There are 2 protein chains.
Amino acid sequence: MNYTEAKDKFISTWGSLGTLWGINKAMAQIHALLWISPEPLSMEDIMEELHISRGNTSMNLRQLMDWGIVFKESKPGERKEYFASEKDVQELARQVAKERSRREIKPVIKVLREVSAIEGDGTKKTEELIKQTKALYELADSADTMMNKIVNQESNWITKTLMKLIK
Amino acid sequence: MNYTEAKDKFISTWGSLGTLWGINKAMAQIHALLWISPEPLSMEDIMEELHISRGNTSMNLRQLMDWGIVFKESKPGERKEYFASEKDVQELARQVAKERSRREIKPVIKVLREVSAIEGDGTKKTEELIKQTKALYELADSADTMMNKIVNQESNWITKTLMKLIK
DNA sequence: TTAAACTTTCAAAAATTACTGAAAGTTTAA
DNA sequence: TTAAACTTTCAGTAATTTTTGAAAGTTTAA
């Protein structure tokens, strides 16, 4: 496998993984491209490499910046803007975990807490609703707390922790 | 909030979370419905409660069974088939982790290993591709190994472990 | 200021994904 | 066997999501 094959394989695999996990393909592919690029890329560079439109590129770069994993860079003396990925894998993981917790997990935990807190009325179905949503609440809440621990630790806490668990 | 409101809120929230994580809404909602139902439900029951078609119900039940989190039950003396959810939250988590690892993570790890193993050619871009995909490979591999540890432990290992990490 | 160089927005179109419903298939009781 | 009771399949349709591209917006150099 030469450079171009490897690059294309990585970009397309990353795009598919994104799709599977609810992230749009263009966004995941732009991230992949920047992740392996030694230099920041311009919008033109990205459009050309991935064969996507200017609008699509712009919108997805914006999202990647909202997620905190891509940054704008301006080269001195140039009008054009360049984009660069967060390059540290630990920081990438922290940032993704943090955002998914904030946007997706926390709101669900809130609903689970509310739903599992309704008053029992003596019926079996209400008991079951309370019992099952409470179990989900407790699991989700522990998992989320752990994620946030990770997010707020020094950068290689993840690896250290995983190592500790694995051995 | 009364029973019906709580039930509807749970089902619709679970459906939306599914969508966000790449799982189709009907599948997530059927799971939610069975999760809180004290008794197994028939296909008719599910269709009626969620206002979805027979075909849709059938296909998504099949998928839930493929994931190993919903089971067919036949009541003695009845032709109709009934469906019940895995009720243990630990087992649910184990099963979901196991399947996502097998279907989605493992194949990506394989690609990352291949891509990061290409031979360097002295160019900066090849070096960067190797370095960055290797970093991703190592993180993904550790995380996956941990997931599989969890999957193969006794049922409340998750909670114990999370507790240990949190305090 | 002006206008060139660039980015963002957004309505419309395309692509993808999910859903329906009727026909085909299967199972079981008699 | 037959036929009733049920489930699955799948082609067509609908809904949703993504993408495009041109117009509007912004920035900066002169």
Side-chain angles (χ1 to χ4, degrees), chain A residues 11-34 39-67 70-84 103-104, chain B residues 11-34 39-67 70-84 103-104:
Chain A
I11 290 173
S12 99
T13 302
W14 209 235
S16 311
L17 182 66
T19 301
L20 240 29
W21 287 76
I23 284 155
N24 105 27
K25 198 178 77 176
M27 182 171 156
Q29 290 191 339
I30 293 172
H31 174 255
L33 177 60
L34 295 175
E39 304 294 339
L41 300 181
S42 71
M43 210 140 102
E44 297 286 342
D45 295 335
I46 296 168
M47 289 166 59
E48 197 171 302
E49 177 76 43
L50 303 177
H51 306 289
I52 59 178
S53 72
R54 191 172 293 284
N56 198 4
T57 307
S58 171
M59 287 175 115
N60 285 111
L61 278 170
R62 139 87 68 163
Q63 285 217 72
L64 286 163
M65 290 187 289
D66 289 349
W67 274 72
V70 162
F71 312 103
K72 229 177 226 176
E73 297 199 358
S74 5
K75 294 196 182 174
E78 278 208 61
R79 282 293 280 288
K80 219 183 290 185
E81 286 173 355
Y82 289 83
F83 299 89
R103 300 168 189 224
E104 300 161 7
Chain B
I11 290 173
S12 99
T13 301
W14 210 236
S16 311
L17 182 66
T19 302
L20 240 29
W21 287 76
I23 284 156
N24 104 27
K25 198 178 76 175
M27 182 171 158
Q29 291 192 338
I30 294 172
H31 175 255
L33 177 59
L34 294 175
E39 305 294 339
L41 300 180
S42 71
M43 210 141 102
E44 297 286 341
D45 295 334
I46 296 168
M47 287 165 61
E48 197 172 300
E49 177 75 44
L50 303 178
H51 306 288
I52 59 179
S53 72
R54 191 173 293 285
N56 198 4
T57 307
S58 171
M59 286 174 114
N60 285 110
L61 278 170
R62 139 86 66 166
Q63 285 218 70
L64 286 163
M65 290 186 290
D66 288 349
W67 274 71
V70 161
F71 312 103
K72 231 178 225 175
E73 297 198 359
S74 5
K75 295 196 181 174
E78 279 208 61
R79 282 293 283 285
K80 218 183 291 184
E81 285 173 356
Y82 289 83
F83 299 89
R103 299 169 188 222
E104 300 162 6

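Predicted model only: the values in this text are computed from it and were never measured. Numbers restart at 1 for each chain; the letters A, B, ... are given by sequence-line order, proteins then strands.
- Spacing between atom CD of Glu81(B) and atom C1' of dT8(D) amounts to 11 Å, rounded to whole angstrom units.
- With a 4.5 Å cut-off on side-chain heavy atoms, Ile52(B) and Ile30(B) count as touching.
- In this structure, NZ of Lys72(A) is placed 14 Å from P of dC6(C), rounded to the nearest angstrom.
- With distances taken from any side-chain atom of Ser53(B) to the nucleotides dG21(C), dC6(D), dT9(C), the minimum falls on dG21(C).
- Not a single donor-acceptor pair, N or O on each side, falls under 3.5 Å between the base of dT8(D) and the side chain of Arg62(B).
- We find that CG of Leu64(B) is positioned 13 Å from P of dT8(D), with the value rounded to whole Å.
- Between the NZ atom of Lys80(B) and the P atom of dT8(D) there is a distance of 14 Å, rounded to whole Å.
- The distance between atom CD1 of Ile46(A) and atom P of dT8(C), rounded to the nearest whole Å, is 11 Å.
- Looking at every heavy atom in both residues, Thr19(B) comes nearest to Lys25(B) through OG1-CB, 4.0 Å.
- Taking the side chain as every heavy atom from C-beta outward, Met43(A) and Arg54(A) approach each other to under 4.5 Å.
- Annotation: side chain of Arg103(A) is in contact with side chain of Asp66(A) (closest heavy-atom distance under 4.5 Å).
- Protein atom CG of Leu20(B) is 10 Å distant from nucleotide atom P of dT17(D), rounded to whole Å.
- Candidate nucleotides dT7(C), dC10(C), dT18(D) were compared by shortest atom distance to the side chain of Asn24(A), and dT18(D) ranks first.
- For Gly77(A) and Gly22(A), each mapped to the nucleotide of DNA chain D holding its nearest heavy atom, the one lying further toward the 5' end belongs to Gly22(A).
- Glu73(B) places none of its side-chain heavy atoms less than 4.5 Å from the side chain of Phe83(B).
- If you check dC19(C), dA5(C), dT7(D) against the side chain of Arg79(A), the one that comes closest is dA5(C).
- Among the nucleotides dC6(C), dT20(D), dT7(D), the one closest to any side-chain atom of Met43(B) is dT7(D).
- Distance alone, capped at 3.5 Å, is enough to place a donor-acceptor pair between the Asp45(A) side chain and the Ser42(A) backbone.
- Residue Glu78(A) contributes atom CD, which lies 8 Å from atom P of dC6(C) at whole-angstrom precision.
- Remark: Asn56(B) is in phosphate contact with dT20(C), judged by side-chain N or O atoms under 4.0 Å from OP1 or OP2.
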Would you write out the dot-bracket form of DNA chain C, 5' to 3', with Watson-Crick and G-U pairs under 3.5 Å, [ ] for crossing pairs, | for pairs to other strands and . for unpaired bases?
||||||||||||||||||||||||||||||
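- Of the candidate nucleotides dC19(C), dT7(D), dT7(C), dT7(D) has the atom lying nearest to any side-chain atom of Arg54(B).
- A heavy-atom distance below 4.5 Å is not found between the side chains of His31(A) and Trp67(A).
- Listed nucleotides: dT8(D), dA5(D), dT17(C). Nearest to the side chain of Thr19(A): dT17(C).
- Taking atom CD1 of residue Ile52(A) and atom C1' of nucleotide dT20(D), one finds them 11 Å apart after rounding to whole Å.
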